[in-house]
Amino acid sequence: MNKTYISDAGRFEGQDVTVNGWLYNKRSSGKLWFLLVRDGTGLIQAVVSKADVPEESFAACERATQESSLSVSGRIAPDKRAPGGYELQVKSVVLHQTALDYPITPKEHGTPFLMDNRHLWLRSSRQTAILRIRHEIIRAIRDFFDSNGFTLVDAPVFTPAACEGTTTLFETQYFDEKAFLTQSGQLYMEAAAMALGKVYCFGPTFRAEKSKTRRHLTEFWMVEPEVAYADLDDDMALAENFLSAVVGRVLETRKEELKTLERDTAPLEKITPPFPRISYDEAAKMLKEKGVAFEYGTDLGGTDETVISEAFEKPVMVHRYPAEVKAFYMKNDPSDPSKALCVDVLAPEGIGEVIGGGQREDDLETLLAKIKKHGLPEQAFDWYLDLRKYGSVPHSGFGLGIERTVGWICGLPHVRETIPFPRMLNRLKP
RNA sequence: UGGGGCGUAGCAUAGCUGGCAAUGCGCCUGGCUGUUAACCAGGAUACCGAAGGUUCGAGUCCUUCCGCCCCAGCCA
């Protein structure tokens, strides 16, 4: 008998097939069983009539519990009453393993409980939908850069020092010396851009920030493109084309999953280039007009970002922040040296920052002075400074947080559900 | 690290002014040939987060501690 995945069941209408999967739920009506079977590709209702199956198959239905593994064989038939439109008219049931006391029931649960059972929670339809969309987003990211002349260059996870001295790093023993888990691959991408022109890295990054918010993880994935001879305007153009391509791909290929998540796709349909661009000064003026208490010269807070992003239907690109609040490697604006040539992309619907980037300082002396000013160990950056000694050029790049992007596109309130096994301040397990 | 909230059965909750700890899901037993988070009848399951205190009596009031959630800071 043919094996089939549930997503392909329609192709076997009228034929006998075997579906291998797990029991999602079951209902009985005397001499009739309705088994809702999932296999990772979908759900199908298997109808077992006592008169049509061997005695042991019917007994197996009685013993089968939620998440027991089983194989059901029978005829695929269209049926309006069945979820998915097709049902399996069962001829035999084989129970592989009986799941006892599966903790996640079809009713409501709290987040801490579900997170403790994350390894099982992944089986639920909402979670599989999120994971498929995450996969599609990652694929779209790779496709975008790969088809635009970028080369993938992997950055190391063990690093000798901070890329940005301001944030906290995870420290680890590296034989006889200390090492840190990377918080960004950017400095390495700058080196790679001088070799290959257009590069990107994609991998996990780590930040030991003790932040307990809906948009922070201690381990998260970031994609970081870096382009030689690109200025801030080129960088913003890249960001808007990139983000639009990613959102467009999910809308195109993952409609079903977005529906499962009850995501209103209308706001996503509007994500096309160009994006509005406003300077930090304009953003500050906007906040003042809206009556938000905001101190000029400071970084934008979460609430400020929400207020600004809610004023636009598309992602907003806020550029030229005060240089003082930004990292040492940012280039100052020649027309106003108090500002940095940087950009934050704030996603709409109150999501906030998903991209941070800008043009890098390319002058050796200026960069050296900034490293000193930030109190960073000059010695650790000797290789980085080499990039300004040997054929320095203007260059720009940005970092996009995968989890925040997945959360935005899926319409999730918290990033913890956007990654299979989240690492947070209070969570290292499972 | 600050501000706010919450810990009651495997899970989700109720529990008023201190007086026999309740309901739903799940589980067990039985019934039903078209169920849609099925339904109907019956049953088992609680060191009420921990320690101390007030009281004749504490899930409930007080103190300390532990854990979690939300918001802020930091950021992607």
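Below, read A as the first sequence line, B as the second, and so on, with proteins coming before strands; counting in each chain starts at 1. From a predicted model like this one, the values you see are computed outputs, not experimental measurements.
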Roughly how many Å apart are B/A41 and B/G4, using the P atom of each and rounding to a whole number? 48 Å
For B/U60 versus B/U17, give the span between their P atoms, rounded off to a whole number of Å. 14 Å
Measuring from atom CH2 of A/Trp33 to atom OG of A/Ser49, what distance do you get when rounded to the nearest 0.5 angstrom? 13.5 Å
Length of the line joining A/Leu169:CG and B/C75:C1', which is rounded to integer Å: 13 Å
In this structure, how many angstroms lie between the C1' atom of B/C75 and the CD atom of A/Gln186, rounded? 14 Å
Nucleotide of B/C74, B/A76, B/C25 approaching A/Met222 most closely (side-chain heavy atoms): B/A76
Can you tell me how far C1' in B/C32 sits from the matching atom in B/G15, rounded to whole Å? 36 Å
Each base of RNA chain B marked ( ) or [ ] if paired in-strand (Watson-Crick or G-U under 3.5 Å), | if paired to another strand and . if unpaired gives (((((((..((((.....[..)))).(((((.......))))).....(((((..]....))))))))))))....
What's A/Pro112 touching, base or sugar-phosphate or nothing? Going by heavy atoms closer than 4.0 Å. sugar-phosphate
From the options B/C70, B/C74, B/G26, select the nucleotide whose nearest atom is closest to the side chain of A/Arg416. B/C70
Pick the closest RNA chain B nucleotide for A/His109 and for A/Glu305 by heavy atoms, then say which residue is nearer the 5' end. A/His109
Let me know the distance between CZ of A/Phe113 and P of B/U13, rounded to the nearest Å. 12 Å
For A/Asp116, is there an ion pair with A/Lys429 - N to carboxylate O distance below 4.0 angstrom? no
Is there side-chain contact between A/Lys339 and A/His319, with at least one heavy-atom pair below 4.5 Å? no
So which one's nearest nucleotide on RNA chain B is more toward 5', A/Thr218 or A/Gly301? A/Gly301
Whether the side chain of A/Tyr280 engages the backbone of A/Gly297 through a donor-acceptor N/O pair (distance < 3.5 Å, no angle test) should be reported. yes
Taking atom P of B/C69 as reference, at what distance in whole Å does atom CD of A/Glu108 sit? 19 Å
Using a heavy-atom cut-off of 4.0 Å across all strands, would you classify A/Ile355 as base, sugar-phosphate, or nothing? sugar-phosphate
Taking the six-membered ring for Trp, are A/Phe180 and A/Phe158 closer than 6.0 Å centroid to centroid? no
Quick check, are the ring centers of A/Tyr384 and A/Tyr188 under 6.0 angstrom apart? no
note: A/Glu209, atom CD; B/A76, atom P; distance rounded to Å ~ 8 Å
Which part of the nucleic acid, if any, lies within reach of A/Thr213 when heavy atoms closer than 4.0 Å are counted: base, sugar-phosphate only, or nothing? base
Which nucleotide wins on minimum distance to the side chain of A/His414, given the candidates B/C71, B/C70, B/C27? B/C70
Please measure how far the P atom in B/C40 lies from the corresponding atom in B/C25, and state the result in whole Å. 8 Å
Every protein N/O lying under 3.5 Å from an N/O of nucleotides 33-35 of chain B:
unit_1	atom_1	unit_2	atom_2	d
B/U33	OP2	A/Lys31	N	3.3
B/U33	O4'	A/Ser29	O	3.3
B/G34	O2'	A/Arg81	NH1	3.3
B/G34	N1	A/Glu87	OE1	3.4
B/G34	N1	A/Glu87	OE2	3.2
B/G34	N2	A/Glu87	OE1	2.6
B/U35	O2'	A/Arg27	NE	3.4
B/U35	O2	A/Arg27	NE	2.9
B/U35	O2	A/Gln45	OE1	3.4
B/U35	N3	A/Gln45	OE1	3.0
B/U35	N3	A/Gln45	NE2	3.1
B/U35	O4	A/Gln45	NE2	2.8

A/Lys107 NZ - B/A12 C1' separation (whole Å): 10 Å
Can you confirm if the NZ or CZ of A/Lys370 lies within 45° of the ring axis of A/Phe328 and under 6.0 Å from the centre of its six-membered ring? no
For A/Lys212 and B/G3, what is the distance between atoms NZ and P respectively, to the nearest whole Å? 12 Å
Considering only the C1' atoms, how many Å lie between B/A9 and B/A46, rounded to the nearest integer? 5 Å
Which donor-acceptor pairs under 3.5 Å do the side chains of residues 401-426 of chain A make with protein atoms, sequence neighbours left out?
unit_1	atom_1	unit_2	atom_2	d
A/Glu403	OE1	A/Trp221	N	3.0
A/Glu403	OE2	A/Arg134	NH1	3.0
A/Glu403	OE2	A/Arg134	NH2	3.3
A/Glu403	OE2	A/Trp221	N	3.4
A/Arg404	NE	A/Arg215	O	3.1
A/Arg404	NH1	A/Glu353	O	3.1
A/Arg404	NH2	A/Arg215	O	3.1
A/Thr405	OG1	A/Gly401	O	2.7
A/His414	ND1	A/Arg416	N	3.0
A/Glu417	OE1	A/Gln127	NE2	2.9
A/Thr418	OG1	A/Val415	O	2.6
A/Arg423	NH1	A/Pro430	O	3.2
A/Arg423	NH2	A/Pro430	O	3.1

Salt-bridged, A/Arg320 to A/Asp281, with N to O below 4.0 Å? no
Grab the CG-C1' distance between A/Leu114 and B/C11 for me, whole Å please. 9 Å
Taking C-beta and beyond as the side chain, do A/Leu120 and A/Leu114 meet within less than 4.5 Å on heavy atoms? no
Distance between C1' atoms of B/A14 and B/C65 (Å, rounded): 28 Å
Any sub-3.5 Å donor-acceptor pair from A/Thr260's side-chain atoms to A/Glu256's backbone N or O? yes
Pairwise C1' distance, B/G34 and B/C71 [rounded to whole Å]: 50 Å
